[in-house]
Amino acid sequence: MCRNIKTLFNFEPPATEEEIHASALQFVRKLSGFNKPSQANEAAFDRAVAEVSDAARRLLTSLHTTAPARDRETEAERARERSRLRFG
């Protein structure tokens with residue numbers, strides 16, 4: 001999985017449209033190999049980002065859990081700690 005794609009499910013507050021779009025963009029970039037597509041591929045690229053965003057939004061709204069919602073700041077601190085341990 002792309003390192004820049006973050007988990008969006010079960011957070012308080014819920015994922016925003018911007019976060020969903022950013023994850024979809026990263027996913028399509030990874031699949032296509034393009035950071036920015038050429039003009040010839042731009043329409044297909046943008047359509048793919050929109051479709052992945054829609055699919056991600058539907059997935060996030062249909063998932064259920066009994067686990068308590070996670071706190072974004074706590075998860076960010078855990079990620080920073082893992083990074084410090086890994087990279088020094």
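Values below: all heavy atoms of this structure, side chains included; hydrogens, waters and symmetry mates excluded. Positions are given from 1, in the same order as the sequence printed here. Owing to the predicted nature of the structure, the values given are computational and were not obtained by experimental measurement.
- For the pair D71 (side chain) and E12 (backbone), a donor-acceptor distance under 3.5 Å is absent.
- Annotation: the span from F11 atom CZ to T16 atom OG1 amounts to 12.0 Å, rounded to 0.5 Å.
- To the nearest 0.5 Å, the span separating CD on E51 from CG on D54 amounts to 7.5 Å.
- With rounding to the nearest 0.5 Å, the separation of CG in L25 from CG in D46 is 9.0 Å.
- Using modelled atom types, one side-chain atom of S53 and one backbone atom of V49 make a donor-acceptor pair closer than 3.5 Å.
- Annotation for A69 and N10: closest pair CA-OD1, 3.3 Å, computed over non-hydrogen atoms.
- The same ILVMFWY cluster, assembled from side-chain heavy atoms under 4.5 Å apart, contains both F45 and F27.
- Here the CD-NZ distance, from E42 to K36, works out to 5.0 Å after rounding to the nearest 0.5 Å.
- Listed for the R70 side chain is a donor-acceptor partner under 3.5 Å among the backbone atoms of F9.
- Here the closest heavy-atom approach between residue P13 and residue R72 is recorded as O-NH2, 2.6 Å.
- Salt bridge annotation for R78-E75: present, with a cationic side-chain nitrogen under 4.0 angstrom from a carboxylate oxygen.
- Taking 4.0 Å as the cut-off between side-chain N and carboxylate O, E18 and K6 do not count as a salt-bridged pair.
- Summarising the geometry, atom CD belonging to Q26 is positioned 11.5 Å from atom CG belonging to L31; distances are rounded to the nearest 0.5 Å.
- The distance from the OG1 atom of T7 to the CD atom of E19 is 11.5 Å, given to the nearest 0.5 Å.
- Counting all heavy atoms, side chain and backbone alike, L8 lies closest to S23 at CD1-OG, 3.7 Å.
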